Amino acid sequence: MLLSPFLTLTFLLFFSSYLPAIFSTPTCSNLVPLRNRTDRISITDFGGVGDGRTLNTKAFREAVYRIEHLRRPGGTVLYVPRGVYLTESFNLTSHMTLFLAAGAVIKATQETGHWPLIAPLPSYGRGRELPGARYISFLHGDGLTDVVITGENGTIDGQGDVWWNMWRKKTLKYTRPHLVEFINSQDILISDVIFKNSPFWNIHPVYCNNVVVRYVTILAPPDSPNTDGIDPDSSSNVCIEDSYISTGDDLVAVKSGWDEYGIAYGRPSSGITIRRLTGSSPFAGIAVGSETSGGVENVLAEHINLFNMGVGIHIKTTKGRGGFIKNITVAHVYVENARQGIKISGGVGGHPDDKYNPNALPVVKGITIRNVWGVKVKQAGLINGLKSSPFTDVCLSVINFHGMKGPRAPPNWQCSDVSGSAYQVNPWPCSQLSNQEHGSCAI
Ligand SMILES: *[C@@H]1O[C@H](CO)[C@@H](O)[C@H](O)[C@H]1NC(C)=O
Ligand SMILES: *[C@@H]1O[C@H](CO)[C@@H](O)[C@H](O)[C@H]1NC(C)=O
Ligand SMILES: *[C@@H]1O[C@H](CO)[C@@H](O)[C@H](O)[C@H]1NC(C)=O
Ligand SMILES: *[C@@H]1O[C@H](CO)[C@@H](O)[C@H](O)[C@H]1NC(C)=O
């Protein structure tokens with residue numbers, strides 16, 4: 001009698017501490033902590049003027065120099081108040097938080113004449129668009145640790161239209177700049193920021209470890225060339241969640257280098273989580289590739305909502321890439337109005353030069369796609385492996401695609417050089433995928 005209230009209390013305490021852990025939504029908030037930095041400086045302390053016309057390059061570079069060289073314990077916050085701060089590209093440094101207040105805009109200059117150049121990435125051997133060097137990203141970080149870009153949803157605006165027009169007129173001299181690039185860096189957190197009109201890919205972590213991107217909005221017009229949203233590249237432990245991306249190219253594309261250069265560099269992307277992402281694009285929603293020469297493995301994408309898409313899920317590679325694409329899971333996807341629901345292809349992507357080895361064949365193995373609901377989908381899927389390297393262990397389960405003309409117009413599949421299984425897929429995919437009784441995908 002005396003024990004029972006005690007036991008009840010113990011029971012309640014036990015469950016109140018464990019139930020939330022069981023039922024709470026997974027997040028990547030623990031991967032890279034949001035630092036509480038006590039040293040704070042404002043861009044206005046360095047002469048920054050947010051009138052949209054004054055060039056603030058000197059202010060940003062001096063503020064970052066101050067953070068880098070004073071090295072306050074716990075790092076420093078660089079505060080950017082409301083206003084439009086025009087600037088040339090600038091570098092970030094370790095142990096800093098770039099904080100954009102509500103209404104703060106960091107805007108890239110459109111004077112591209114003396115935009116700095118940097119060396120090509122070793123895993124690409126050249127600029128992605130053009131041989132040789134490439135323009136440095138608007139915000140750049142190399143060899144950094146513990147960097148946060150956050151705030152109250154201020155904007156980083158690349159004013160990319162001058163770059164898109166150079167691309168259209170074929171007057172570019174070098175590969176266009178990314179909006180934000182981190183090279184060889186770790187413990188990077190990007191949250192509560194709006195990215196707008198990137199000249200090229202928006203957010204590009206390459207050779208990085210521990211990167212979190214959450215609560216971001218990434219916007220570029222659907223006809224803007226190569227404005228990928230987030231491209232984790234030869235990086236590990238990257239978590240992307242709770243974001244909206246609408247651009248002119250793939251929303252998220254996991255990569256790892258290009259042909260002979262990527263094979264030689266040999267740095268895979270692994271441990272990539274993408275969840276609760278909404279967006280639209282004339283290209284792909286969740287993509288792997290096509291640059292995967294260092295290998296891509298252990299990718300989980302879930303709870304993805306896609307509207308007005310080219311392809312919902314696109315895994316792409318080609319002969320000469322080498323590398324591997326292994327253990328990729330994409331689950332709980334809603335796709336509406338798309339050219340293709342799913343595409344897994346061994347014939348997508350160009351080559352850096354003619355020195356690539358056509359016998360370097362990619363290995364594609366263990367691709368699980370489940371719980372997909374598509375409406376207004378022109379073609380359900382296309383799975384084309386390589387004759388000399390068939391795709392294996394491709395498992396599709398609980399997938400329903402409806403056609404353009406109402407619910408009962410299921411569009412077709414096309415497959416070749418692939419093996420694996422399918423369970424409750426409608427329309428039924430291809431004879432190459434065997435009917436799986438229990439819906440489990442053994443890898
Ligand atoms: C952050 O640091 C300040 C100053 O030391 C302190 O007052 C505040 O409670 C800290 N906040 C958190 C969330 O740790
Ligand atoms: C920024 O970093 C790049 C590459 O790390 C370097 O080449 C360049 O000189 C730096 N720019 C400035 C303004 O410090
Ligand atoms: C920023 O915007 C995102 C997406 O709309 C939202 O989830 C987040 O709460 C906003 N953050 C702040 C600090 O207002
Ligand atoms: C496959 O990837 C998931 C992450 O998506 C990971 O948790 C799991 O351990 C991986 N499986 C193997 C066999 O490596």
Side-chain angles (χ1 to χ4, degrees), residues 26-29 34 56-69 87-94 99-104 114-121 133-144 148-156 177-178 180-185 190-196 206-207 213-219 232 236-246 254 268-279 286 288 295-302 324-331 365-370 393 395 441-443:
T27 79
C28 40
S29 55
L34 185 60
N56 292 287
T57 312
K58 197 164 168 277
F60 279 108
R61 290 185 183 168
E62 277 178 5
V64 172
Y65 184 92
R66 142 75 167 77
I67 298 170
E68 189 175 352
H69 293 273
T87 175
E88 296 170 296
S89 66
F90 63 92
N91 290 337
L92 303 170
T93 188
S94 295
F99 189 100
L100 287 89
H114 42 94
W115 196 288
L117 291 166
I118 53 167
L121 293 165
R134 53 199 192 109
Y135 293 108
I136 197 168
S137 58
F138 178 48
L139 303 193
H140 192 77
D142 192 346
L144 305 188
V148 180
I149 303 177
T150 190
E152 301 161 337
N153 284 326
T155 301
I156 296 174
H178 304 296
V180 178
E181 181 174 67
F182 285 98
I183 305 178
N184 258 312
S185 299
I190 301 175
S191 77
D192 303 276
V193 176
I194 299 167
F195 296 87
K196 213 171 115 181
V206 58
Y207 321 139
V213 181
R214 56 200 307 246
Y215 303 125
V216 301
T217 302
I218 303 180
L219 305 171
S236 47
N237 304 315
V238 178
C239 183
I240 299 163
E241 65 183 15
D242 297 302
S243 291
Y244 178 84
I245 309 179
S246 172
V254 184
S269 275
S270 77
I272 314 291
T273 307
I274 304 152
R275 56 164 96 88
R276 299 185 299 272
L277 183 78
T278 300
I286 300 298
V288 175
V296 173
E297 63 183 346
N298 307 345
V299 175
L300 171 65
E302 59 181 2
F324 54 82
I325 300 176
K326 286 194 308 207
N327 186 22
I328 313 292
T329 300
V330 184
K365 181 182 168 65
I367 311 292
T368 300
I369 301 178
R370 55 183 159 81
D393 296 320
C395 175
C441 303
I443 292 175

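Counting starts at 1 for both ligands and their atoms, in listed order. Note that the structure is a prediction, hence the values are computed from the model and not measured.
- At least one heavy atom of G151 sits under 4.0 Å from some atom of ligand 3.
- For H114, the NE2 atom counts as loosely surrounded, since its 6.0 Å shell holds 12 or fewer non-hydrogen atoms of other residues, nucleotides or ligands.
- Annotation: side chain of L219 is in contact with side chain of Y244 (closest heavy-atom distance under 4.5 Å).
- The N/O atoms of N153, backbone and side chain alike, include one that comes under 3.5 Å of an N/O atom in ligand 3.
- When side chains are defined from C-beta on, D393 does not count as touching K326, because their heavy atoms never get closer than 4.5 Å.
- Each of the following atoms of ligand 4 lies closer than 4.0 Å to a heavy atom of N327: 1 (C), 2 (O), 3 (C), 8 (C), 10 (C), 11 (N), 12 (C), 14 (O).
- For ligand 2, the 4.0 Å heavy-atom shell takes in R61, N91, I136, D142, ordered by chain and residue number.
- Ring geometry for W115 against F138 counts as tilted: the plane angle lies between 30° and 60°, on a 0 to 90° scale.
- The distance from ligand 3 to the heavy atoms of Y215 drops below 4.0 Å at these ligand atoms: 7 (O).
- Residues passing the salt bridge (charged side-chain N to carboxylate O under 4.0 Å, His left out) test with D142, sequence neighbours excluded: none.
- Residue-to-ligand polar distances place D192 within reach of ligand 3: an N/O pair is separated by less than 3.5 Å.
- For the pair V299 and ligand 4, a heavy-atom separation below 4.0 Å is found.
- Between S185 and G141, the shortest heavy-atom contact is OG-O, 4.0 Å.
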Item to complete: Determine, step by step, whether F195 and V213 satisfy the side chain to side chain contact (heavy atoms under 4.5 Å, CB included) criterion, reporting the C-alpha distance in whole Å, the side-chain angles of both residues, the deciding distance to 0.1 Å, and the verdict.
Response: CA-CA 12 Å; F195 296 87; V213 181; 5.8 Å; no
Worksheet item: What do the steps show when you test V299 against I325 for side chain to side chain contact (heavy atoms under 4.5 Å, CB included), and what is the final call?
Response: CA-CA 9 Å; V299 175; I325 300 176; over 6 Å; no
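- Heavy atoms only, all atoms of each residue included: R275 and C239 are closest at NH1-SG, 4.0 Å.
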